[in-house]
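Only one structure is covered here, and it is reproduced in the block below.
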Amino acid sequence: MKKTIYTICFLYGTLVFSQEIKSGTVSTSETKELQEVIVKAQRKKQFADKAVYTFDKAALERARYAKDLLSTLPELQMDPISNTITSTKGGTTLFLINGVEATDMQIRSIAPNEVVKVEYYDIPPARWATRADIVVNIMTRSTETGYVFGAEGSSALNTGFINASAYANYTKGKNDIGLEYSINLRDYTDRRVNSIYDYQLDGQRYRSNEDRKDHFGYTFQSVALRYTRLVPDDYALQIKLNTDIFSRFSKGTGQSIFTIDNTGEEHAMFKNNGSDYVIPKLDLYYSKKIGSKDELSINAVGSDYTTHTSETAKEWVKGSGVSVYDNDMVLKAKQTNFVGELAHTHDFVAGKLSSGYRISRSSISNDLNNLSGYSQYKVTYLEQYFYTEFSGKIDKFSYRVGAGLTNIHNKSAENTFNEWSFTPKVVLAYQLKNNQSLRLTSSYKPISPLSNALSSNVVQLAPNIVQKGNPFLTSQQKWISSLTYSSNNKYFDFNINAFYSYTDRVINQYYILDHTFGGYALTYENGKYSQQYGVQLTGSYKPFGNALLVIKANLTPTSEMVKTSADKVIKNNYFGNYFVLSSEYKSFSAQYQFNIPTYSLNGAFLNTNENQNNIFISYKHKNMTFSTGMYWMGMPSEYKTKSLSESLVDYRLHTQIMNNKSMFVLGISYDFSKGKKTEIQKKLNNDTAPAATF
């Protein structure tokens, strides 16, 4: 009867919301970072900024590797498209193994019985706060000798969809060597795009209705080699060299009806574009214990590479062949990136003090041919971050108080922006009962514009419509506050989060009249401000108290608004949603994912999130796992965009990838381990800036 009541309550709540709106090497210093708020119950401890999960014998026996264990967490799920673990809440997730930033294959290389616990930070500490929304740290045991290796592959039968990877690790004494390779390939021959531009110009009404079919795809490969030396209670050294290889292309042809007032004519066009890069990256890490209470850590990451980007687009009048527009853009961007960080921690009786300094610099030399002609220019992005935070506990209260100083210095040929910002953060938690807590968090931080927004590049989108960046953008200033209630028992594990965010000088994309090219330009501005508020319910429900049936949900009714530089107010309400139904029985597992796409604000547009309707099944036999699935059942993957009523240009975009419709995939994997590789407790984790493309 009790189980029935739980089920009815969960489903009733879901319906109400739906109708409302349209990584043992376990570090003792790490576990002291925030004192415990809730006593362990049902394999979970709740802290002020994180939850700590342990796993029972049944879960360890069902799992192939640690990656399978992560997918059982209430707010994590397996993304079948990328074959990676993602958050049901969205945002950026950073994975660590004993504090070391880890790749997907490193997580695969951990045998389930080597996992001591998993720390799930939904409020990341200062050293990670600027890089991720969620941090997942897998704490493991370690032996002095061992090796692991494995390979995995999955492919669609009727289109170009391949995910494959292989890894190997060997540990002897205090030394560990690891090697891994992965490839993700997409080659779709049938992407259909309909775009409509409708606008007034020089007293006349223009309308372009374009239908286009594309052959597009991409290939991403990653190769990594790691060496680690760990001397317990003394020092840790890691040298990592990895190379990312990426290329993408799109080749499309189509036709359009172009209308001026009531006179229409038929146009034909083609649009081709592509980019490629090879990024060699060196990551050096060293940490040293100083006495029993202090530790000093240093991390340096560097890369140097060139990105090639090209775009060719032509449109002409059918029959006469008269050119409407001719766009030819070639960009060669030579990019040098560096990130360095120095951090120190000290354990006091009352808590823990963490302090550090990080500097990141990206220098990009651009060699550009576009609609404006030939140009050479250089841009530099520099960010410095000083931070300190103290965490502790007083009776039933836990807290984390931090303060930072951030400097953003962006320099281009047209403009130099330099600003220092004070970045405080407060996290408070109160234990209500053994399995319930209340948490309050508030933070303030600057956000630098992306390289494409600051770019001086110009490309043609349609007749009389171009897109360009704005080198004069300044950083955004964002304040976020939230109040979270958490509860868990044998059946439920959920968070209810009321949130509010305010962004000053919000970066907004919009259309303006462009006198240089005689039409409209889609560009960027610093609006006055934006705000967003709502309630988010995330977690899981187990009707039978075990993995036989698990329902995960993310329900987020949200209201958002933007006030532009011209004092126009743009508002939007949406109901974010995502559901996962999973089942595990002996060697079998199944999972179904679905959502109802919604429109959310993105500059001058309302964009839908990607539709989901996926099912996949797997069977484990000894070291082999066989899997199959169908993604986007009965539908293609679909993406919609529409402009706002306040926009100078009425724009509609509807994209469908027909190759994805009811895409049937088969996969196989093999994983073997004996002993376990050494893992280090790395305190710093950084990465250089992404490739600059426009």
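Counting from 1, the numbers follow the sequence of the chain as shown. Excluded from the calculations below are hydrogen atoms, water molecules and symmetry mates; all remaining heavy atoms, backbone and side chain alike, are included. It should be emphasised that the depicted structure is a prediction, and the values quoted were computed from it without experimental measurement.
- Of all non-hydrogen atoms in Lys67 and Met78, the two that sit nearest each other are CE-CE, 3.3 Å.
- The closest donor-acceptor contact from the side chain of Asp79 to the backbone of Ile85 lies at 3.5 Å or more, if one exists at all.
- Ring pair Phe626/Tyr619 is parallel by interplanar angle, where below 30° counts as parallel and above 60° as perpendicular.
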Yes or no on ring-ring contact (aromatic ring centres under 6.0 Å, His included) for Tyr53 and Phe55, after CA distance, side-chain angles and deciding distance? CA-CA 7 Å; Tyr53 291 89; Phe55 304 92; 7.3 Å; no

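- Taking 4.0 Å as the cut-off between side-chain N and carboxylate O, Asp234 and Lys288 count as a salt-bridged pair.
- In this structure, Leu179 and Asn169 have side chains that are not in contact, with every pair of non-hydrogen atoms separated by 4.5 Å or more.
- For Asp187, there are no salt bridge (charged side-chain N to carboxylate O under 4.0 Å, His left out) partners at least two apart in sequence or on another chain.
- Look at Asp276 and Arg248 and you find no salt bridge, because none of the NZ, NE, NH1 or NH2 atoms lies under 4.0 Å from a carboxylate O.
- Distance alone, capped at 3.5 Å, is enough to place a donor-acceptor pair between the Asn435 side chain and the Asn488 backbone.
- A side-chain donor-acceptor contact under 3.5 Å links Tyr181 and Gln221.
- Residues Thr228 and Gln238 bring a donor and an acceptor atom of their side chains to less than 3.5 Å of each other.
- Among all heavy-atom pairs drawn from Asp133 and Gly91, the shortest one is OD2-CA, 3.3 Å.
- For the salt bridge (Lys or Arg N to Asp or Glu O under 4.0 Å) condition, no pair includes a residue of residues 540-550, sequence neighbours left out.
- Side-chain contact between Tyr286 and Leu296: absent, with no pair of heavy atoms (C-beta onward) separated by less than 4.5 Å.
- A 4.5 Å side-chain heavy-atom check between Thr86 and Gln77 finds at least one atom pair inside the cut-off.
- When all heavy atoms are compared, the tightest approach of Ala63 to Leu69 is CB-CD2, 3.8 Å.
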Salt bridge (charged side-chain N to carboxylate O under 4.0 Å, His left out) between Lys289 and Asp294: does it pass, once the steps are laid out? CA-CA 6 Å; Lys289 294 281 187 179; Asp294 294 85; over 6 Å; no

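- Applying the salt bridge (charged side-chain N to carboxylate O under 4.0 Å, His left out) rule to Asp671 yields the partners Arg108; only residues at least two apart in sequence or on another chain are considered.
- Side chains of Arg358 and Tyr387: no donor on one and acceptor on the other come within 3.5 Å.
- Scanning for ring-ring contact (aromatic ring centres under 6.0 Å, His included) contacts around Phe672 gives Phe149, with sequence neighbours left out.
- Across every non-hydrogen atom of Pro280 and Tyr305, the tightest pair is CD-CB, 4.2 Å.
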So Asp493 and Lys44, salt bridge (charged side-chain N to carboxylate O under 4.0 Å, His left out) or not? Walk me through it. CA-CA 9 Å; Asp493 191 334; Lys44 178 184 179 181; 2.8 Å; yes

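- A donor-acceptor contact shorter than 3.5 Å is absent between the side chain of Lys240 and the backbone of Leu284.
- Asn497 places no side-chain N or O within 3.5 Å of a backbone atom of Tyr485 that could act as its donor or acceptor partner.
- In this structure, a donor-acceptor pair under 3.5 Å is present between the side chains of Glu610 and Tyr639.
- Contact between Val115 and Ala66 at its shortest, heavy atoms only, is CG2-CB, 3.9 Å.
- Formation of a donor-acceptor pair under 3.5 Å by the Asn554 side chain with backbone atoms of Asn577 is not found in this model.
- Note on residues 157-168: no pairs pass salt bridge (Lys or Arg N to Asp or Glu O under 4.0 Å), not counting sequence neighbours.
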Would Asn495 and Thr484 count as a side chain to side chain donor-acceptor pair (under 3.5 Å) if you check the C-alpha gap in whole Å, the side-chain angles of each, and the deciding distance to 0.1 Å? CA-CA 6 Å; Asn495 294 310; Thr484 305; over 6 Å; no

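- Remark: the backbone N or O of Gln612 is paired with a side-chain donor or acceptor of Asn595 at under 3.5 angstrom.
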Do Tyr227 and Asn175 pass the side chain to side chain donor-acceptor pair (under 3.5 Å) test, and can you show the C-alpha distance, the side-chain angles, and the key distance before you say yes or no? CA-CA 7 Å; Tyr227 168 74; Asn175 304 290; 2.6 Å; yes

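- Classification of Lys50 and Asp122 as a salt-bridged pair fails, no side-chain N sitting under 4.0 Å from a carboxylate O.
- When all heavy atoms of Asn337 and Ser362 are compared, the pair lying nearest together is OD1-OG, 2.8 Å.
- There is a side-chain donor-acceptor pair under 3.5 Å between Ser618 and Ser589.
- Defined by atom type and a distance below 3.5 Å, a donor-acceptor pair is present between the side-chain atoms of Asn660 and Tyr188.
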Before you tell me yes or no, could you show the steps for Arg226 and Glu180 under salt bridge (charged side-chain N to carboxylate O under 4.0 Å, His left out), namely the whole-Å CA-CA distance, both residues' side-chain angles and the distance that decides it to 0.1 Å? CA-CA 9 Å; Arg226 297 181 312 277; Glu180 61 188 53; 3.0 Å; yes

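- Judged purely by atom type and a 3.5 angstrom limit, Lys89 has no side-chain atom pairing as donor or acceptor with the backbone of Thr538.
- Side-chain contact between Tyr235 and Arg229 is present, with at least one heavy-atom pair separated by less than 4.5 Å.
- Within the 3.5 Å criterion, the main-chain N or O of Leu548 finds a donor-acceptor partner in the side chain of Ser583.
- Donor-acceptor pairing under 3.5 Å is recorded for the side chains of Thr171 and Asp176.
- In this view, Ser154 and Asn163, Val665 satisfy the side-chain contact (heavy atoms from CB on, under 4.5 Å) rule, not counting sequence neighbours.
- Using cut-offs of 30° and 60° on the angle between ring planes, the pair Phe492 and Tyr541 is parallel.
- Asn613 and Tyr592 share a side-chain donor-acceptor pair at under 3.5 Å.
- Proximity of a side-chain donor or acceptor of Trp632 to a complementary backbone N or O of Asn659 within less than 3.5 Å is not detected.
- For Lys425 and Glu389, the salt-bridge test fails: no basic side-chain N is under 4.0 Å from an acidic carboxylate O.
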